[in-house]
Amino acid sequence: MLNYQRYKRVPVVNYPERQWSSKEIEKAPIWCSVDLRDGNQALVEPMVVQEKIEMFNLLVKLGFKEIEIGFPAASQIEYDFLRQLVERKLIPDDVVVQVLVQCREHLIKRTFEAIQGIKKTVVHIYNSTSTLQRDVVFHKNMDEIKEIAVQGTEWVKKYAQGFDGEIMLEYSPESFTGTELEFALDICTAVQETWGATPEKKIIINLPSTVEMNTPNVYADQIEWMHRHFKNRDSIILSVHPHNDRGTGVAATELALLAGADRVEGTLFGNGERTGNVDILTLAYNMFSQGINPNLNLENVREIAEVYERCTKMAIDPRHPYAGKLVFTAFSGSHQDAINKGLQAMHERNNPYWEVPYLPIDPSDIGRKYEPIVRINSQSGKGGVAFIMDTFYGFKLPKGMHKEFADVIQAISEKQGEVAPEQIMEEFRRNYTERKEPIHFRRCQITEAEEDTQFSTLVKVRYTDHGVEKVFEGVGNGPVDAVQKGLEKELGIEIRVLDYTEHALTSGSGAQAASYIHLMDVKTGKATYGVGISSNITRASIRGIFSAVNRLFY
C-alpha cells in the first residue's frame with residue numbers, strides 16, 4: 001500500500017477576495033523563451049554552440065522578442081555562445097536577450113563582460129526564498145535571504161554604470177510557490193526600491209513555480225495576491241515561470257494570466273528540469289484556438305518540431321498537443337463519423353468559423369495535413385472508413401454501404417492493427433471495382449425502341465464467364481433494368497435492384513463516374529453492393545451490376 005501518510009498537504013492561500021476566476025484571457029502576454037538556458041541545462045546532451053545558434057535563429061523566426069540565452073558566467077561554452085551572437089551580429093534590434101546570474105559579485109562582473117556590445121539586455125538575478133530551502137540549504141533567516149537579493153541588485157547597479165547599452169533588471173524569488181506571500185512581497189519590494197524602478201524604468205518581477213506544489217488555482221491566488229499588493233504596480237512587469245511537476249503547468253499559467261501576470265517564461269514543447277517548464281507552444285496555440293492573436297509565428301509546427309528535435313535530441317510525444325503525430329487522429333468510429341459530418345456541414349453552410357467536432361483547430365492552419373486525421377483500427381466504425389474513401393479518394397459511399405465495407409476493413413484490422421488509407425482503397429478495388437470474376441463485363445450495345453407507346457431499351461451485352469466469351473440480350477425500361485433482366489435469364493437467377501446512386505469522381509476532360517448498385521438475391525434475401533467506374537455513366541452502372549452479381553453468387 002502506498003505510504004501516503006509520509007506527505008503533508010501544502011497549504012492553500014486564504015484569499016476569498018480573488019477576482020481572477022471571473023476573467024477571461026483577452027490577449028497574449030509578453031513571451032520569453034528560456035530554451036537556451038533552463039531548457040538546455042536539462043538536456044542529457046546539452047547543445048553545442050552551433051546548435052544553440054540554430055535554436056536562437058528559430059526563436060527569432062518565431063517572433064520571440066525576449067530570449068534568455070544562458071548563464072554566461074557559469075561556463076565557457078555559455079560565454080562563447082553569447083559572444084558569437086554579438087560578434088556575428090545575430091541579435092536583431094527588436095530582440096532583447098536575457099542572461100541569468102546568481103547574486104554573487106564575481107559572477108555579475110563576468111556577466112557584464114559577456115554582454116558588452118548588446119544594445120539592450122535583461123539581467124536576471126535570483127536567490128531561493130522558500131521556507132524549506134532557507135532551513136535545509138542556506139541555514140539563513142528571512143533578513144539574511146533578503147540581504148542576498150538586495151546586495152545582488154546593488155552589484156547590478158554598480159556594473160550597469162559602465163555598460164554602454166540599456167539594462168533592465170529581472171528578479172526571481174526562486175521557489176516562490178514555497179515562500180510565504182508576505183515575505184515574497186517584502187523581498188521583491190526591497191529589490192524594486194533598491195533598483196529604483198519607475199513606470200519609465202520598469203523592473204521585471206518573476207514569480208516562478210520552480211516546483212509545482214499545488215493545484216493551479218492556488219498559484220493563481222498567489223499571483224493575484226502579489227499583483228494587488230505590490231507598491232507602484234505600474235513600475236513592475238509581473239512575470240511567471242511555471243514548471244510542470246504536477247502536470248498542470250499550462251493550466252497554472254493560464255490562470256496566472258487571469259490573475260494579473262503580464263509575461264510568461266517557458267520553452268518550446270515544455271522542455272526543462274524534471275517534468276519540464278511550461279510549454280509556450282501549447283499556451284499560444286490554445287489562445288489561437290480561441291480567436292486570440294498569440295503574437296508568435298506558429299504557422300508551421302512541423303518545422304518547429306524538426307529543429308527542436310534536432311537541436312535537443314529529444315523526441316516529441318505523439319500525444320503532445322498540436323505537434324504530436326496522433327493529435328489530429330481519430331480512432332473511434334463515432335469520432336470519425338462526427339468529423340466527417342462536421343466538415344461536410346462547414347462546406348455546405350460556407351461557415352467562416354472553424355467548427356468541427358473533436359478538432360479544436362484546422363490542422364492546416366499550423367502546417368499539419370488532413371491525411372492523418374482519421375486512422376482505422378479495430379475500434380473504428382463505419383463512418384471512419386467512409387470518410388477515408390470520400391476525403392482521400394472521392395468515393396461517396398451510399399449510407400447503406402458504410403457498414404458493409406467497414407466490416408471488410410475491420411476484419412483486416414483485427415488481424416494486423418491499424419489499416420492505412422492505401423490499404424483501404426486496395427481492399428475497395430479488390431472487393432468492388434475490380435470484382436470481375438467469374439463474369440466479366442466487356443462491352444454493351446444499347447438500342448432504344450418504342451413498344452406499345454412506351455420506350456423500351458434493348459441491350460446486347462458481351463461478357464466472359466470463367467474466361468469464355470458469351471453474349472446475352474435484355475429488354476427493360478432503361479439500361480440498368482434491361483441488363484438486370486438479361487442477366488436473370490442468362491444465369492438463371494432472380495435479382496432485384498434495391499438502390500442505385502451515382503456521382504462524378506473527377507472533373508475535366510478525363511472525368512469519371514462511380515455507380516453503386518445495391519442488389520438482392522430474391523431467393524435468399526441476401527443483398528450486397530457492387531461498384532462500377534467509367535467515363536460513361538451507363539457503362540459504370542453495368543459494371544456495378546456485374547460487381548454485385550459476382551459478390552452475391554460467386
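Since this is a predicted model, take the numbers as computed values, not measurements.
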The side-chain contact (heavy atoms from CB on, under 4.5 Å) partner of Asp38 among Asn40, Asp35, Leu36, Val34 is Val34
- Would you verify whether the NZ or CZ of Arg110 falls within 45 degrees of the ring axis of Tyr79 while also being under 6.0 Å from that six-membered ring's centre? yes
Checklist entry - Does atom CD of Gln416 have more than 12 heavy-atom neighbours from other groups under 6.0 Å away? => result yes
When you check the side-chain N and O atoms of Asn127 and Gln102, is any donor under 3.5 Å from an acceptor?
-> no
Contacts of Asp143 meeting salt bridge (charged side-chain N to carboxylate O under 4.0 Å, His left out) (sequence neighbours excluded), chain-then-number -> none
task: Determine yes or no for a side-chain-to-main-chain donor-acceptor pair under 3.5 angstrom, with Thr312 supplying the side chain and Met314 the backbone.
output: yes
query: Would His124 and Glu68 count as having a side-chain donor-acceptor pair, cut-off 3.5 Å?
result: yes
- Message: Are there over 12 heavy-atom neighbours, none belonging to Glu45, within less than 6.0 Å of that residue's CD?
- Response: no
>> Contact between Asn214 and Arg9 at the side-chain level, heavy atoms closer than 4.5 Å - yes or no?
In response: no
Is Arg134 positioned over the aromatic face of Phe183, cation under 6.0 angstrom from the ring centre and no more than 45 degrees off axis? yes
### Message
Check whether Asn297 reaches the backbone of Lys61 with its side chain - one donor and one acceptor, N or O, closer than 3.5 Å.
### Response
yes
Please determine whether a side-chain nitrogen of the Lys or Arg among Lys313 and Glu51 lies less than 4.0 Å from a carboxylate oxygen of the Asp or Glu. yes
Discussion item. Ignoring hydrogens and geometry beyond distance, is a side-chain donor-acceptor pair present between Trp20 and Asn217 at under 3.5 Å?
Written reply: no
Please tabulate, for side-chain N and O atoms in residues 190-198, each donor-acceptor pair with protein atoms closer than 3.5 Å (sequence neighbours left out).
from   : atom 1 : to     : atom 2 : distance (Å)
Gln192 : NE2    : Lys231 : O      : 2.9
Glu193 : OE2    : Lys231 : NZ     : 2.8
Thr194 : OG1    : Ala190 : O      : 2.7
Thr198 : OG1    : Glu200 : N      : 3.3
Thr198 : OG1    : Lys201 : N      : 2.9

Of Arg263, Glu66, Glu170, the one forming a side-chain hydrogen bond (donor to acceptor under 3.5 Å, both in side chains) with Ser239 is Arg263
Handout entry: Check: Asp279/Thr282 side-chain N/O donor and acceptor closer than 3.5 Å
Key = yes
Item checked: Verdict with reasoning, Phe176 to Thr210, per side chain to side chain contact (heavy atoms under 4.5 Å, CB included) -> CA-CA 7 Å; Phe176 163 75; Thr210 310; 5.8 Å; no
- prompt: Does Trp354 reach the main-chain N or O of Met346 with its side chain, forming a donor-acceptor pair under 3.5 Å?
  reply: no
**Asked** So, are Glu154 and Lys158 salt-bridged, with charged N and O less than 4.0 Å apart?
**Response** no
Subject >> Side-chain donor/acceptor of Asn277 to backbone N/O of Thr267, under 3.5 Å >> reply: no
Worksheet item: Does a salt bridge link Arg246 with Glu212, judged by any charged N lying under 4.0 Å from a carboxylate O?
Response: no
Pair Asn206, Tyr126: side-chain N/O donor-acceptor within cut-off below 3.5 Å
no
Taking the side chain as C-beta and beyond, is there a heavy-atom pair between Val48 and Phe81 under 4.5 Å? no
Requested in this report: Kindly indicate whether the side chain of Thr215, heavy atoms from C-beta on, has any atom under 4.5 Å from the side chain of Thr248.
Outcome: no
Applying salt bridge (charged side-chain N to carboxylate O under 4.0 Å, His left out) to Glu144 and not counting sequence neighbours gives none
Exceeds 12 heavy-atom contacts within 6.0 angstrom, atom CG of Asp93: no
Counting C-beta onward and ignoring hydrogens, is there a side-chain heavy-atom pair between Gln222 and Tyr219 closer than 4.5 Å? yes
Q) Would Ile366 and Tyr285 count as a side chain to side chain contact (heavy atoms under 4.5 Å, CB included) if you check the C-alpha gap in whole Å, the side-chain angles of each, and the deciding distance to 0.1 Å? A) CA-CA 9 Å; Ile366 62 171; Tyr285 283 129; 3.3 Å; yes
Look at Asp135 together with Lys140 and state whether they make a salt bridge at an N to O cut-off of under 4.0 Å.
no
- Okay, side chain of Glu254, backbone of Leu283: is any donor-acceptor separation there less than 3.5 Å? no
Review point. For Tyr159 and Glu105, does a side-chain donor sit closer than 3.5 Å to a side-chain acceptor?
Key: yes
- Query: Would you say the side chain of Met287 lies within less than 4.5 Å of the side chain of Asn295, judging by non-hydrogen atoms?
  - Reply: no
Quiz item: Under 4.5 Å between any side-chain heavy atoms of Ile203 and Ile237, yes or no?
Solution: no
Check your understanding: Hey, is the main chain of Gly249 close enough, under 3.5 Å, to the side chain of Asn244 for a donor-acceptor pair?
Key -> yes
Hits for side chain to side chain contact (heavy atoms under 4.5 Å, CB included) against Val137, two or more places apart or cross-chain, chain-then-number order -> Gln133
Between Thr131 and Thr179, is any pair of side-chain heavy atoms under 4.5 Å apart? no
* Exceeds 12 heavy-atom contacts within 6.0 angstrom, atom CG of Asn14 -> no
Output for pair (Ile339 CD1, Tyr358 OH), nearest 0.5 Å, gives 8.5 Å
Across all chains, not counting sequence neighbours, the salt bridge (charged side-chain N to carboxylate O under 4.0 Å, His left out) partners of Lys23 are none
So, Arg274 side chain and Ala42 main chain: donor-acceptor pair closer than 3.5 Å or not? no
Review point. Under the 3.5 angstrom rule, does the side chain of Glu224 hit a backbone N or O of Gln19 as a donor-acceptor pair?
Key: yes
- Query: Between Glu306 and Arg310, is the closest basic N to carboxylate O distance under 4.0 Å?
  - Reply: yes
Could you tell me whether the side chains of Glu355 and Asn351 share a donor-acceptor contact shorter than 3.5 Å? yes
Leu298 side chain near Tyr322 side chain, heavy-atom distance below 4.5 Å = no
Sorted by chain and number, sequence neighbours left out, side chain to side chain contact (heavy atoms under 4.5 Å, CB included) with Met213 holds for Val10, Thr177, Val211
**Message:** Has His229 got a side-chain atom pairing as donor or acceptor with Trp225's backbone, closer than 3.5 angstrom?
**Reply:** yes
Would you say the side-chain atoms of Arg83 pair up with the backbone N or O of Val86, donor to acceptor, closer than 3.5 Å?
no
